[in-house]
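Positions are given from 1 along the sequence.
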Amino acid sequence: MAAHDERRRLLAAVAELRRIVPARLTGRQFLAAANAALPVTEHIALLARLLSEADRLDEHTGRRVFLSGSAHDTPHVYEAIEAEGHVIVGEDHSFGDLAVTGPVGTASLDALAEHYHRGTLTAHRATPGARAAYAAVAVRRCRAELFVSYCRESDEAPAWDFPAQRAALDIPAVLLEHQEYGRADLAALRKEPACPK
C-alpha cells in the first residue's frame, strides 16, 4: 500500500503538468502515464523520471478541455479531441484524475475499501449534484475553457449528470451522447457551444 500511495503521489504531481499554462502534458500523455501496465516499482521510477524532466517537456496550447462522462481505458477519444486542436487538462473518470485521489494511508483492507468507496465520484456512484460540484471545482483548478461530457452507447448515467454540471459551470459545455466505444463523433464539439448564463 505504501508503494501504491507513492505512485498516487507522483501521479498527482504529473497531473499538475496538464494544469499549468501552457500544459506540459496532453490528456493522452497523462492517460498513458497514469495507466502504464508496469509493476508498481517500475511505474514509480518512470513517473519520477518524467517529473525530473518536466522543464524539458513540450508546451501544449489549444482550447483547454475538461472531459467528463464515460471512462476511457484507451486513448482513442483523447486523440480525436486533441487532434481538433484542443488539449485535455482534466477529467472525472476512474482511469484519469479520479484514479489518483489521495493516499490510502493505513495498510489495512478496511482502509483500502474506504479509499475506493469515498474516492469514486464517477457517474455510476455519485449523485448529479455531487458530480456538478466536483466539476465546478475541477474545471477552475485546471483552467479549462470548455467542458465536454462524452457518453458511450449503453452508458446513460453520465448524460443524466450533464444538466446539473452545465448549470454549475461558467464555461461553455457540450454533450456528446450515444458515442461508439473508442470513437468520438465531434460534430457537436465543432459548433461553438453556448456559454451558460
Side-chain angles (χ1 to χ4, degrees), residues 11-12 15 18-19 23 25-35 62-84 86-102 115-197:
L11 276 171
R18 292 189 305 172
R19 294 185 186 117
L25 283 182
T26 66
R28 185 209 182 285
Q29 290 169 330
F30 174 74
L31 193 67
N35 296 288
R63 194 168 198 185
R64 297 170 65 86
V65 170
F66 186 89
L67 184 60
S68 185
S70 299
H72 301 273
D73 57 353
T74 71
H76 301 102
V77 172
Y78 279 63
E79 290 169 348
I81 292 171
E82 291 182 332
E84 296 282 317
H86 306 294
V87 60
I88 297 171
V89 294
E91 70 277 298
D92 63 3
H93 64 80
S94 58
F95 289 96
D97 281 336
L98 293 182
V100 298
T101 55
H115 173 80
Y116 284 104
H117 173 71
R118 69 179 152 78
T120 52
L121 277 169
T122 62
H124 309 93
R125 296 183 183 199
T127 65
R131 299 250 309 141
Y134 177 83
V137 170
V139 159
R140 280 193 299 276
R141 192 171 92 207
C142 65
R143 300 178 189 105
E145 300 165 314
L146 177 65
F147 182 89
V148 176
S149 182
Y150 172 92
C151 306
R152 283 195 314 270
E153 293 174 328
S154 302
D155 186 15
E156 304 298 328
W160 301 339
D161 297 333
F162 183 71
Q165 290 171 319
R166 182 178 50 203
L169 301 172
D170 58 1
I171 62 172
V174 64
L175 176 63
L176 305 177
E177 276 189 286
H178 310 294
Q179 302 292 305
E180 186 180 337
Y181 182 86
R183 297 188 185 276
D185 176 357
L186 300 179
L189 185 61
R190 291 181 185 120
K191 298 175 188 170
E192 185 62 28
C195 195
K197 296 178 181 178

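A pairwise comparison of heavy atoms in Ala168 and Ala136 identifies O-CB, 3.7 Å as the closest pair. Between Pro128 and Ala164, the closest heavy-atom pair is O-CB, 4.0 Å. The shortest heavy-atom contact between His178 and Glu153 is O-CG, 3.6 Å. Here the shortest heavy-atom pairing between Arg152 and Ala71 reads NH1-O, 2.6 Å. Of all the heavy atoms in Ser149 and Pro158, the pair that sits closest is OG-O, 4.2 Å. For the residue pair Leu176 and Ala188, the shortest heavy atom distance occurs at CD2-CB, 3.7 Å.
Between Leu189 and His86 there is a side-chain heavy-atom pair separated by less than 4.5 Å. Side-chain contact between Gln165 and Asp92 is present, with at least one heavy-atom pair separated by less than 4.5 Å.
A salt bridge between Arg63 and Glu145 is absent, with no side-chain N of the basic residue lying under 4.0 Å from a carboxylate O of the acidic one.
Note that OH of Tyr134 is 5.5 Å distant from CZ of Arg141, once rounded to the nearest 0.5 Å. To the nearest 0.5 Å, the span separating SG on Cys151 from CH2 on Trp160 amounts to 11.0 Å. Note that CG of Asp155 is 11.0 Å distant from OH of Tyr181, once rounded to the nearest 0.5 Å. In this structure, OG1 on Thr74 lies 8.0 Å from CG on Leu31, to the nearest 0.5 angstrom. To the nearest 0.5 Å, atoms CD (Glu91) and OG (Ser70) are separated by 13.0 Å. The CD1 atom of Ile88 lies 4.5 Å from the CD1 atom of Ile81; values are rounded to the nearest 0.5 Å.
Each of Thr26, Leu67, Val87 was compared with Tyr78 under the side chain to side chain contact (heavy atoms under 4.5 Å, CB included) criterion, and only Leu67 meets it.
With hydrogens and angles disregarded, a donor-acceptor distance shorter than 3.5 Å links the side chain of Arg64 to the backbone of Arg18. Between the side chain of Gln179 and the backbone N or O of Glu177 there is at least one donor-acceptor pair closer than 3.5 Å. In this structure, the side chain of Glu82 engages the main chain of Gly27 through a donor-acceptor pair within 3.5 Å. Without hydrogens or angle criteria, Arg143 side chain to Arg19 main chain gives a donor-acceptor distance under 3.5 Å.
Aromatic ring pairs are classed by plane angle as parallel below 30°, tilted from 30° to 60° and perpendicular above 60°; the pair Tyr150 and His72 is tilted.
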